[in-house]
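Just so you know, residue 1 is the first one in the sequence shown, and it goes up from there.
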Amino acid sequence: MLAENIFPPMPSEIVMPWAGYSVSQGNVSFIAVVTAGSIGSFLGALAWYLLARWIGKERLARWIDGHGAWLTITRRDLDQVDQWFEKWGSVAVLVCRMIPGIRTLISVPAGFAAMPIGRFSVFTAIGTVLWTALLAGIGWWLGDHYKDLAAPLSWVSMAVIAGLFAWWIWRVLRQRSARTTTT
C-alpha cells in the first residue's frame with residue numbers, strides 16, 4: 001500500500017482485495033491486513049503531502065507549463081484544484097481517500113494549502129482505514145466466491161484498463177491541439 005501511494009499505477013483495488021482473499025484462505029488475519037494496508041497507505045499519503053509542502057504550488061505550476069501535457073495537466077487544472085480544496089479542505093481529504101484515482105492525489109493540494117499536519121493526519125487515517133477495510137472485506141468475500149466470479153471480472157478489468165488508456169490518449173491529443181491553436 002505504501003508503494004501504491006508512491007507509485008499510483010499500482011492500485012489498492014488490486015492489492016487489498018488480494019490481501020482479503022488471503023484472509024479467506026486462513027493465511028492471515030483481517031485486522032493484520034487492514035492494519036498493514038492502512039499504515040502503508042498513510043505513510044504514502046504523508047510522503048506526498050510533505051513533498052507538496054516542500055515543492056510548493058508555484059514551482060509545480062512552472063514544471064506543468066513545460067511538461068504537464070504528458071500527464072494531461074495544465075496550470076488551469078492546478079488552479080481549479082487549489083480553489084476546490086480551499087472550499088472543501090478537511091472534508092476533501094477524508095472523502096477523497098476513498099475515491100480511486102484521487103486517493104493519493106488529494107495529499108498534494110493539502111500540502112500546497114499548508115493544511116495543519118495533525119488535521120491532515122487524522123482525516124487521512126480515518127479515510128484510509130475505511131477504504132482499506134472495505135477493499136480487504138471485498139477480497140475476503142470474493143475468496144469464497146472466486147470460481148463464480150473469475151471469468152466475468154477478467155473481462156470487466158480489461159474493459160476498465162482499455163477505457164482508462166483511451167481516456168488518457170484523448171486528453172493528450174486534446175491538450176496538444178489546444179497548445180497548437182494557442183501558439
Side-chain angles (χ1 to χ4, degrees), residues 1-52 71-72 80-81 84-113 115-168:
M1 289 297 284
L2 174 64
E4 179 261 336
N5 274 272
I6 301 296
F7 308 106
M10 185 184 290
S12 64
E13 293 83 6
I14 294 172
V15 174
M16 289 311 301
W18 274 109
Y21 176 79
S22 186
V23 170
S24 76
Q25 301 304 300
N27 298 327
V28 67
S29 79
F30 183 75
I31 298 296
V33 163
V34 172
T35 300
S38 296
I39 290 170
S41 187
F42 176 84
L43 291 175
L46 185 61
W48 279 107
Y49 167 86
L50 294 171
L51 182 66
L71 297 174
T72 69
Q80 287 177 332
V81 167
W84 178 83
F85 188 81
E86 283 182 32
K87 180 178 179 181
W88 294 101
S90 301
V91 172
V93 171
L94 174 67
V95 173
C96 289
R97 289 301 302 160
M98 296 178 276
I99 299 175
I102 299 173
R103 185 176 43 264
T104 298
L105 299 176
I106 193 60
S107 300
V108 175
F112 289 157
M115 179 182 206
I117 196 164
R119 183 180 307 152
F120 172 80
S121 296
V122 166
F123 285 97
T124 296
I126 293 168
T128 296
V129 169
L130 290 172
W131 181 251
T132 303
L134 174 68
L135 290 177
I138 289 170
W140 190 357
W141 179 81
L142 288 174
D144 295 333
H145 300 79
Y146 179 77
K147 290 179 184 175
D148 301 329
L149 298 169
L153 286 179
S154 67
W155 286 103
V156 170
S157 298
M158 293 296 280
V160 168
I161 291 168
L164 289 172
F165 184 70
W167 174 80
W168 177 76

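Trp18 contributes atom CH2, which lies 10.0 Å from atom CG of Leu142 (distance to the nearest 0.5 angstrom). A distance of 12.0 Å separates OG1 in Thr124 from CZ in Arg119, rounded to the nearest 0.5 Å. Separation of atoms CH2 (Trp140) and OG (Ser24) is listed at 9.0 Å; rounding is to 0.5 Å.
In this structure, the side chains of Ile106 and Trp48 stay at 4.5 Å or more apart for every pair of heavy atoms. A 4.5 Å side-chain heavy-atom check between Phe85 and Met115 finds at least one atom pair inside the cut-off. Taking the side chain as every heavy atom from C-beta outward, Val93 and Cys96 never approach each other to under 4.5 Å. Ser107 has its side chain within reach of Phe120: a pair of non-hydrogen atoms, C-beta onward, lies under 4.5 Å apart.
Ile117 pairs by the side-chain contact (heavy atoms from CB on, under 4.5 Å) definition with Leu46, Tyr49, Leu50, Ser121, not counting sequence neighbours.
The heavy-atom pair separating Ala52 from Gly111 by the smallest distance is CB-CA, 3.9 Å. Closest approach of Arg97 and Ser41 over heavy atoms only: NH2-OG, 2.8 Å. Considering all non-hydrogen atoms of both residues, Ala92 and Trp84 come closest at CB-CH2, 3.5 Å.
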Can you give each donor-acceptor pair under 3.5 Å made by side-chain atoms of residues 25-38, sequence neighbours left out, with the distance rounded to 0.1 Å?
unit_1, atom_1, unit_2, atom_2, d
Ser29, OG, Ala32, N, 3.0
Thr35, OG1, Ile31, O, 2.7
Ser38, OG, Val34, O, 2.7

